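Below: one structure, written as structure tokens.
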Amino acid sequence: MNGRRFLAQASGLVGIAILCAVVSNALARPERKLRWIGAYQETGAPPAAAGAASPARSTSGASATGSGKAFPPHPDKPWIEVSGDDVAELFARKSVPILDARRTSVYRDGHIAGARSFPVWEADVDDRVKAFFAEGLNQSAPIVIYCSGGDCEDSHMLAQKLYFVGFDNVLVYKDGFPDWQKRGLPVRTGGEP
């Protein structure tokens with residue numbers, strides 16, 4: 001008797017969980033919805049391979065035109081990595097926010113001129129992300145994030161936070177601040193610009 005009762009309760013809980021998932025998916029924004037079986041599009045390449053290296057290469061050539069269309073939103077992933085050439089071109093436009101994900105002390109020692117400090121390892125990073133969201137920026141416009149390049153993952157972590165609040169065009173400067181300095185591009189020291 002207890003076995004049947006357990007199965008009935010377990011089946012009921014599974015049914016409720018499925019119903020909650022369906023309702024949540026139905027209420028989600030289009031780019032955040034889970035796709036049902038049969039709703040996928042064939043691309044010919046696995047999603048990881050399609051998003052890993054090709055966006056950085058494709059944007060390099062297109063960005064030289066200055067068309068502003070080289071960095072389309074990518075609602076299916078939190079970020080794409082871009083090269084120093086791409087960031088230099090976006091910097092020249094002066095209309096793209098640039099966020100520094102390194103610690104405040106490192107930011108003060110030197111950062112990309114005009115970059116805002118968003119230290120991902122400091123306690124107030126979530127408040128900074130909320131305040132950035134509250135500025136009412138276009139959530140599909142490009143945003144550049146950088147850290148120390150190489151094995152540094154701070155920019156990717158910040159990109160994930162921005163993605164969770166709805167920004168869908170986050171560009172991670174894969175070589176980061178050391179590459180910027182090597183290029184001899186504008187650097188500033190001290191506090192927030």
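Note that the structure is a prediction, hence the values are computed from the model and not measured. Hydrogens, waters and symmetry mates play no part in the numbers below; they use all other heavy atoms, side chains included.
Annotation: salt bridge (charged side-chain N to carboxylate O under 4.0 Å, His left out) contacts involving residues 135-154, sequence neighbours excluded, comprise R116-E135. The stretch residues 8-19 participates, sequence neighbours left out, in no side-chain hydrogen bond (donor to acceptor under 3.5 Å, both in side chains) pair at all. The salt bridge (charged side-chain N to carboxylate O under 4.0 Å, His left out) contacts involving residues 7-22 comprise nothing, where partners must be two or more places apart or lie in separate chains. Residue pairs meeting the salt bridge (charged side-chain N to carboxylate O under 4.0 Å, His left out) criterion with at least one member in residues 8-17, sequence neighbours excluded, do not occur. Applying the ring-ring contact (aromatic ring centres under 6.0 Å, His included) test to every pair with at least one member in residues 127-158, sequence neighbours left out, gives these pairs: W79-H156, F118-F132, F132-F167.
Annotation: side chain to side chain donor-acceptor pair (under 3.5 Å) contacts of D126 (sequence neighbours excluded): K161. Listed by chain and residue number, V14, V22 satisfy the side-chain contact (heavy atoms from CB on, under 4.5 Å) test with I18 (two or more places apart in sequence, or in another chain). In this structure E122 satisfies the side chain to side chain donor-acceptor pair (under 3.5 Å) test together with T104, sequence neighbours excluded. Residues satisfying the side-chain contact (heavy atoms from CB on, under 4.5 Å) test with P178, not counting sequence neighbours, are none. Residues satisfying the salt bridge (Lys or Arg N to Asp or Glu O under 4.0 Å) test with D175, not counting sequence neighbours, are none.
A 4.5 Å side-chain heavy-atom check between H74 and L171 finds at least one atom pair inside the cut-off. Side chains of V170 and Y163 form no contact here, defined as non-hydrogen atoms less than 4.5 Å apart. When side chains are defined from C-beta on, F71 counts as touching D86, because their heavy atoms get closer than 4.5 Å. For the pair F177 and V187, the minimum side-chain heavy-atom distance is below 4.5 Å. Using a 4.5 Å heavy-atom cutoff, the side chains of L158 and V129 are in contact. In this structure, the side chains of V82 and V87 come closer than 4.5 Å at one or more pairs of heavy atoms. The shortest distance between side-chain heavy atoms of I143 and L99 falls below 4.5 Å. In this structure the side chain of I112 reaches within 4.5 angstrom of the side chain of F91, judged on heavy atoms.
With Y107 contributing its side chain and A115 its backbone, the two residues share a donor-acceptor pair below 3.5 Å.
The nearest pair of heavy atoms linking P119 to V125 is O-CB, 3.4 Å. Of all heavy-atom pairs between L185 and A88, the closest is CD1-CB, 4.0 Å. Across V120 and M157, no two heavy atoms sit closer than the pair CG2-CB, 3.8 Å. Shown here for P142 and V96, the closest heavy-atom pair between the two residues is O-CG1, 3.4 Å. When all heavy atoms of A101 and I145 are compared, the pair lying nearest together is CB-CG2, 4.2 Å.
Interatomic distance, L19 CG to I16 CD1, rounded to the nearest 0.5 Å: 8.0 Å. Taken from CG in N2 to CZ in R4, the straight-line distance is 12.0 Å, to the nearest 0.5 Å.
For the 3.5 Å distance criterion, the side chains of D100 and S117 fail to qualify, holding no donor opposite an acceptor.
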So S140 and N169, side-chain hydrogen bond (donor to acceptor under 3.5 Å, both in side chains) or not? Walk me through it.
CA-CA 5 Å; S140 294; N169 199 357; over 6 Å; no
